Every structure is written in C-alpha cells, then in structure tokens.
Amino acid sequence: MCVGCVIGTLMPVRKQTLIIASLVALPIGILSFSSLRQTAAALSDPCMQWATGKKQPSGAATIRSGSLGGALVGPGAEPQSPAAARYPCSDRTSGTSTTRREAIVQAAAVPGGLLLASAVGIIGAAISSPILLLLAGGLLIIESLFTSIGPLTFLGGGLLLISAYRSYRERKKWTQRSRRGRVLALRKMVSSAQTSSTAWFVRR
C-alpha cells in the first residue's frame with residue numbers, strides 16, 4: 001500500500017506542506033542560530049585576535065607576549081608597571097585569519113541566509129503561498145553551496161520546491177472550484193429569474 005497516498009487522502013495539502021516545512025526549517029534554523037550565536041560571542045570576546053598572520057597597518061597596536069603575559073603597546077605608549085600592563089587574556093588567547101568585517105559578512109550571508117530561508121518557508125507553508133515556498137527552497141539550494149551542512153540544506157530546499165508545486169496545484173484547483181461554483185450560482189439565479197418572469201406572464 002502506498003503510504004504517501006494514504007497520508008495524502010487523510011491529510012489536506014496545506015497541513016502536509018506545513019509539516020514538511022517545519023521538519024525542514026527547524027533543524028536548519030537551530031543550526032544557523034547556533035552559528036550566529038558563536039560568531040556574536042567571538043565578536044564580543046576581547047581576547048579574540050582577528051586577521052592573524054596578515055600584515056598589520058603601520059602604527060597599529062600589537063600584542064607582545066613576555067613575562068608580563070602580553071602588554072598592549074603602540075606608538076607613543078607610556079611604560080607601564082607590571083601590575084597595570086598585565087594582559088588578562090594571556091591564558092586563553094584565540095585567533096583567526098579572517099577580519100571582523102569578513103566574519104560579519106560571512107555570518108550574515110550564510111547562517112543569516114539560512115535562518116531567513118527557514119522563516120520564509122514556515123510562513124509560506126502557514127499561508128499556503130507557493131511564491132514564498134519557492135523563494136525559500138531556491139535560497140536553501142543556493143546556500144547549500146556555501147555551508148558545511150550542504151546536503152541537509154539541499155534536501156530541504158528540494159522538499160520546499162516540491163511543496164511549492166503542490167501548493168500551487170492545490171490553489172489552482174481551489175480557484176477553479178470557486179469559479180465553477182460562482183458560475184453555477186449565477187446560472188441558478190438566471191434560471192430562477194426566468195422562471196419567475198414566465199410565471200408572472202402566465203398569471204397575466
């Protein structure tokens with residue numbers, strides 16, 4: 001027995017689309033939010049060193065490690081006492097080759113785009129909008145080229161595209177039924193009016 005056929009007959013297309021969109025969007029949204037949270041934590045971490053290994057501009061302050069645990073020095077810096085110059089991040093420094101600007105752009109483009117696509121997919125499924133489902137599915141497929149969870153996002157995008165097509169077909173059927181119903185109602189009104197006018201002429 002076809003399980004999909006049974007589910008399709010027992011559950012409306014709108015509910016099926018909402019369930020599929022939720023199953024696709026929730027894990028992708030959770031992973032994207034976690035990635036954005038890690039990036040925000042790194043940006044707010046004073047011990048994070050950005051653009052390590054890249055040439056620093058002239059006159060920029062550098063971190064010098066030594067017996068004081070690292071002191072922040074630069075052009076015109078005054079000598080400091082060991083207590084005042086002690087660097088609090090000497091035991092937990094971390095660095096990356098990317099700059100802060102690059103990290104912000106990458107976070108907005110990849111996890112931010114995935115989070116946006118997940119939200120658009122759920123909204124499109126909730127209001128049965130094929131356009132929103134199509135946009136969400138296409139965005140997930142594009143984002144799958146730039147993320148480490150590419151197979152998951154590609155699969156989710158494909159499911160959303162299928163849901164968009166099914167939602168479009170369902171809306172088209174509903175429109176045709178509604179139009180057919182209006183035509184039948186109009187015909188009944190015309191027939192009733194003709195019958196009434198005929199009866200009136202007969203009484204005359």
Side-chain angles (χ1 to χ4, degrees), residues 17-65 69-77 85-165 167:
T17 304
L18 185 58
I19 292 175
I20 292 174
S22 300
L23 292 176
V24 168
L26 286 179
I28 296 177
I30 291 173
L31 292 175
S32 302
F33 180 77
S34 176
S35 178
L36 287 173
R37 188 176 179 181
Q38 292 177 2
T39 303
L43 291 172
S44 60
D45 188 2
C47 301
M48 186 69 179
Q49 297 181 14
W50 299 94
T52 58
K54 294 184 178 181
K55 185 177 180 181
Q56 299 293 333
S58 59
T62 57
I63 294 179
R64 182 179 64 195
S65 59
L72 187 64
V73 297
R86 185 174 299 277
Y87 186 57
C89 300
S90 58
D91 296 333
R92 61 181 189 92
T93 55
S94 57
T96 178
S97 59
T98 60
T99 63
R100 292 175 63 91
R101 182 178 299 179
E102 291 173 350
I104 294 173
V105 171
Q106 291 175 3
V110 180
L114 291 175
L115 194 61
L116 176 63
S118 302
V120 171
I122 291 180
I123 294 173
I127 63 176
S128 296
S129 174
I131 296 178
L132 292 182
L133 289 171
L134 182 64
L135 289 175
L139 185 57
L140 283 180
I141 290 179
I142 294 174
E143 292 284 353
S144 66
L145 302 175
F146 308 99
T147 179
S148 58
I149 55 172
L152 176 62
T153 55
F154 186 84
L155 177 62
L159 291 176
L160 288 183
L161 291 180
I162 295 174
S163 299
Y165 176 70
S167 180

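From a predicted model like this one, the values you see are computed outputs, not experimental measurements. Only heavy atoms go into these numbers, but all of them, side chains included; no hydrogens, no water, no symmetry mates.
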Can you check side chain to side chain contact (heavy atoms under 4.5 Å, CB included) on Thr153 and Val24, steps first, answer last? CA-CA 8 Å; Thr153 55; Val24 168; over 6 Å; no
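With hydrogens and angles disregarded, a donor-acceptor distance shorter than 3.5 Å links the side chain of Ser44 to the backbone of Ala40. Here the side chain of Thr99 pairs a donor or acceptor atom with the backbone of Glu102 at under 3.5 angstrom. In this structure, the side chain of Arg100 does not engage the main chain of Trp50 through any donor-acceptor pair within 3.5 Å.
When all heavy atoms are compared, the tightest approach of Ala103 to Thr39 is O-CG2, 4.1 Å. The two residues Pro27 and Ser22 make their nearest non-hydrogen contact at CD-O, 4.2 Å.
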Less than 3.5 Å apart, which donor and acceptor atoms pair up between the side chains of residues 28-38 and the rest of the protein, not counting sequence neighbours?
residue : atom : partner : partner atom : Å
Ser32   : OG   : Ile28   : O            : 2.7

For residues 106-125, dump all side-chain donor-acceptor pairs below 3.5 Å to protein atoms at least two apart in sequence or in another chain.
residue : atom : partner : partner atom : Å
Ser118  : OG   : Leu114  : O            : 2.9

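Within a 6.0 Å radius of CD1 in Ile131, other residues, nucleotides and ligands contribute 12 heavy atoms or fewer.
In terms of the side chain to side chain donor-acceptor pair (under 3.5 Å) criterion, Ser144 has no residue partners (sequence neighbours excluded).
Counting only residues at least two apart or in different chains, side-chain hydrogen bond (donor to acceptor under 3.5 Å, both in side chains) contacts with residues 124-134 comprise Arg14-Ser128.
For the atom pair CG of Leu160 and CG of Leu155, the computed distance is 9.5 Å after rounding to the nearest 0.5 Å. Rounding to the nearest 0.5 angstrom, the gap separating the OG1 atom in Thr96 from the CD atom in Gln49 is 11.0 Å. Here CG of Leu133 is found 11.5 Å from CG of Leu159. Values are rounded to the nearest 0.5 Å. Annotation: the span from Ser167 atom OG to Ile20 atom CD1 amounts to 11.0 Å, rounded to 0.5 Å.
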